There are 2 protein chains.
Amino acid sequence: MLPSSTVENYLKALHQAEASMGNETLVPMGQLANAVGVAPGTATTMVKALAESGLVEYEPYVGVRLSSAGTRLATLVLRRHRLIEQFLVEVMGMSWADVHEDAEQLEHVVSDRLVERMDAMLGHPAVDPHGDPIPTADGALADPDYHSLLTCPLSTPVTVTRVTDQNSSFLRFLEAQELKPGQSIEVENRNSAADSVQVLAGERRVTIGTNAASKVLIEIL
Amino acid sequence: MLPSSTVENYLKALHQAEASMGNETLVPMGQLANAVGVAPGTATTMVKALAESGLVEYEPYVGVRLSSAGTRLATLVLRRHRLIEQFLVEVMGMSWADVHEDAEQLEHVVSDRLVERMDAMLGHPAVDPHGDPIPTADGALADPDYHSLLTCPLSTPVTVTRVTDQNSSFLRFLEAQELKPGQSIEVENRNSAADSVQVLAGERRVTIGTNAASKVLIEIL
DNA sequence: AGCTATATTTTGAATAGTCAAAACAAAACT
DNA sequence: AGTTTTGTTTTGACTATTCAAAATATAGCT
């Protein structure tokens with residue numbers, strides 16, 4: 001029984017949620033419902049079915065967690081999604097700001113043949129255009145914990161490596177400010193009262209809010 | 001209300017059926033059900049819904065026909081399908097024998113943006129890898145009536161231009177016999193008793209059944 | 001402990017698509 | 001005209017997915 005698009009979306013949402021919360025915590029129903037974009041009751045129903053199929057472990061009134069089978073599946077969906085994004089940017093010449101929506105649809109229908117073809121054409125890339133790591137065909141997913149603009153040392157050259165937000169206007173903004181993955185920058189200072197971070201990118205001095213700053217991950221050179 | 005994959009498939013099947021029958025004839029329910037791969041009753045139910053939406057004209061116990069709105073939609077699906085096939089062959093390096101299945105899935109989810117990008121990358125191709133004409137973005141579909149290996153003059157050089165069958169092993173067979181679109185050949189003779197046609201392709205002499213021969217369309221040089 | 005606020009589950013119902021089998025219409029053949 | 005064959009429609013039922021609103025549980029606060 002191969003998983004429907006709907007099931008794949010629940011698994012993917014769960015995978016993201018688990019990653020963004022401290023692991024070992026169950027994902028609460030409300031959060032999952034929210035992430036998938038359905039009413040709470042719908043999530044409950046679906047999760048019970050997923051638990052039946054052995055894709056998740058479910059504790060009523062507490063939350064859900066992916067089983068190992070569920071994790072495997074979620075990871076493969078993530079692989080498809082990210083390879084597609086990389087393909088759309090590198091081969092089709094689309095903007096990194098726009099590819100998420102298309103990938104979201106395509107990830108549920110591309111055949112293995114096609115995915116592996118893309119992977120080969122792209123030279124087996126390690127990350128997608130947003131710097132998100134691409135799982136291997138056997139489900140292995142490297143996921144180092146980076147610093148962000150919020151946590152890295154000040155006045156030290158660092159490289160943007162990953163952006164954990166798919167909002168297209170945010171991505172376009174970063175691009176315009178020379179804050180795309182690969183670009184070298186420096187955090188000049190942070191002002192917790194003003195809830196802001198000041199960055200030196202290229203010749204430019206940019207000030208962004210801390211929430212945005214936390215989405216921009218970096219590596220120290 | 002944008003059409004579901006299911007609706008798109010009914011419209012596409014209807015479009016093909018209309019083309020392969022003399023036009024002005026309604027497509028009988030049974031044939032449609034067969035083409036879509038559902039039980040007869042299911043087709044009846046669906047067709048009544050499509051008629052409600054104004055996509056088809058339906059006469060109980062007689063048959064169905066696409067309305068102009070239905071034709072427009074079917075044509076756009078065909079455009080997506082054929083551009084995708086051409087893309088998979090030209091850009092992704094896949095075999096013309098294999099692309100149909102993938103295109104069948106992708107045609108329902110690719111965005112307009114993506115379709116137009118592919119079209120541009122391919123230089124606005126007129127036909128797909130099987131020689132099927134690609135409708136333009138505004139729904140215009142050129143569809144000249146070709147000769148086939150069954151109807152063309154004997155011992156006259158002709159060019160294979162189109163193959164109206166997606167069966168992957170048939171396509172592989174044609175490829176091996178140098179009978180792909182673009183290749184120059186000659187029909188040597190036909191034997192109606194043996195139900196066969198003898199063709200000179202490249203250096204080779206190939207004999208195929210008349211049913212197969214009718215699927216290979218040609219142009220006289 | 002008792003009450004309130006919040007989150008979760010249940011219930012009842014809806015939509016899209018499907019099937020099998022019974023009922024029926026049209027065509028074809030005596 | 002009467003009967004059989006063939007094709008079509010109807011009926012009743014099922015799966016997957018969803019929602020709104022009622023019922024219930026847990027957690028938080030007094």
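Owing to the predicted nature of the structure, the values given are computational and were not obtained by experimental measurement. We name chains A, B, ... by the order of the sequence lines, and we start the count at 1 in each one.
In this structure, B:H100 has its ring center no closer than 6.0 Å to that of B:H130.
Salt bridge annotation for B:K12-B:E107: present, with a cationic side-chain nitrogen under 4.0 angstrom from a carboxylate oxygen.
Closest non-hydrogen pair, B:C152 versus B:R190, comes out as O-NH2, 2.5 Å. Heavy-atom minimum distance, B:V38 versus B:A43: CG2-N, 4.0 Å.
Between A:Y58 atom OH and C:dA7 atom P there is a gap of 16 Å when expressed in whole angstrom units. Following rounding to the nearest Å, B:E8 (CD) and C:dG17 (P) show an atom-to-atom distance of 11 Å. Separating the CG atom of A:L26 from the P atom of C:dA7 is a distance of 17 Å, rounded to the nearest angstrom. Distance A:L50 CG to C:dT9 C1': 16 Å, rounded to the nearest Å. Atom CD in A:E59 sits roughly 14 Å away from atom C1' in D:dT26 (whole-Å rounding). Nucleotide C:dA7 holds its P atom 11 Å from the CG atom of A:N34, rounded to whole Å. When rounded to the nearest whole Å, the span between CE of B:M29 and P of C:dC19 equals 14 Å.
Under 3.5 Å, the side chains of B:S168 and B:R172 contain a donor-acceptor pair of N or O atoms.
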ask   = What string of B, S and - do you get for nucleotides 15-25 of chain D 5' to 3' if you count protein non-hydrogen atoms under 4.0 Å?
value = --SSB-----S
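Considering A:I218, A:V187, A:V216, A:L217 as possible partners of A:H147, the one that fulfils the side chain to side chain contact (heavy atoms under 4.5 Å, CB included) test is A:I218.
For C:dT9, the OP1/OP2 oxygens have no side-chain nitrogen or oxygen of A:K48 closer than 4.0 Å.
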